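Note that the coordinates shown come from a computational prediction; the quantities given were computed from them, not determined experimentally.
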Amino acid sequence: MFKKMRRSIPELNTTSTADISFMLLIFFLVTSSMDTDKGLRRLLPHPTDEQEQRDVQVQRRNVLEISIDADSHITVGGEPTEPAQLSERVARFVANEQLSADLPQLTRRNVPLLGTCLVSDRHVIAIKADRDAHYDTYFQVQNAIVDGYLQLRNQLAQKHFHQPYRACTAEQREAVATVFPQRISEQIPITPGLPNPGQAKKGGRP
């Protein structure tokens with residue numbers, strides 16, 4: 001007499017589930033921030049064969065030594081320095097506007113489009129980084145050095161061509177770069193009369 005009534009469960013309509021999932025994916029991609037790889041803002045020189053590498057002898061006044069230790073601390077000439085201060089330090093060193101005897105020697109040359117100028121063609125920015133130093137600190141140092149050069153080049157371009165360095169023509173940029181060439185080394189050059197810091201002493205450990 002009594003029969004069990006079977007209840008039918010209504011099916012869910014999943015037609016729009018794929019569309020909703022796709023919209024959520026786009027939303028998260030647009031709103032989320034992703035870390036980007038950092039690189040150098042300068043072109044590195046082509047690698048040279050070991051036999052072609054030669055020790056360069058320069059005077060102590062022409063070398064600005066920048067070191068990064070294992071704890072990623074930056075020192076310039078043995079003095080602790082922050083990356084924010086490095087650009088100004090490099091620009092002041094390269095320009096040597098006061099013709100100080102402690103800063104790089106300048107050469108008087110006739111530069112096309114600029115006439116007779118004092119050219120900073122003897123300075124060297126020497127970088128020495130510890131193997132355990134953080135890559136981010138190394139990139140900050142390299143980019144700060146480039147910013148220091150760019151600061152000097154912008155000033156010279158504004159003075160002679162009334163526009164920033166990067167807005168100048170190729171010929172104008174070449175003239176400005178002749179006055180302030182980028183001279184960056186990954187090793188400390190030899191100073192006459194002083195031992196080479198990159199070489200081991202006789203009889204010592206390499």
Report the distance from atom [atom1] of [X] to atom [atom2] of [Y], rounding to the nearest 0.5 Å.
| X | Y | atom1 | atom2 | value |
| --- | --- | --- | --- | --- |
| D130 | H73 | CG | NE2 | 12.0 Å |
| E65 | I125 | CD | CD1 | 11.0 Å |
| R173 | R153 | CZ | CZ | 10.5 Å |
| L103 | E97 | CG | CD | 10.5 Å |
| S120 | N62 | OG | CG | 8.0 Å |

Does any part of the side chain of [Y], heavy atoms only, come nearer than 4.5 Å to the side chain of [X], both counted from C-beta?
| X | Y | answer |
| --- | --- | --- |
| V111 | H160 | no |
| F161 | L113 | yes |
| R122 | P104 | no |
| T137 | I74 | yes |

>> Applying side chain to side chain contact (heavy atoms under 4.5 Å, CB included) to Q140 and H134, what does each step give before you reach the verdict?
In response: CA-CA 10 Å; Q140 290 180 22; H134 199 279; over 6 Å; no
> Do the side chain of T81 and the main chain of E79 share a donor and acceptor less than 3.5 angstrom apart?
Replying inline: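 Pair found, side chain donor or acceptor close to backbone of E79.
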> Is the backbone N or O of S100 less than 3.5 Å from a side-chain atom of R61, with the two atoms forming a donor-acceptor pair by type?
Replying inline: yes
>> For D121, run the salt bridge (Lys or Arg N to Asp or Glu O under 4.0 Å) check against R183, R108, R109 and tell me which one passes.
In response: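 The salt bridge (Lys or Arg N to Asp or Glu O under 4.0 Å) with D121 is passed solely by R109 among R183, R108, R109.
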>> Walk me through whether T178 and L114 qualify under side chain to side chain contact (heavy atoms under 4.5 Å, CB included).
In response: CA-CA 10 Å; T178 300; L114 300 179; over 6 Å; no
> Going by atom types only, do Q158 and N154 share a side-chain donor-acceptor pair under 3.5 Å?
Replying inline: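 No, no side-chain donor-acceptor contact under 3.5 Å.
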> In this structure, are over 12 heavy atoms from other groups packed under 6.0 Å from E82 atom CD?
Replying inline: no
>> Can you classify the ring geometry of Y149 versus H123 as parallel (below 30°), tilted (30 to 60°) or perpendicular (above 60°)?
In response: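 Because their plane-to-plane angle lies in the 30° to 60° range, the rings of Y149 and H123 count as tilted.
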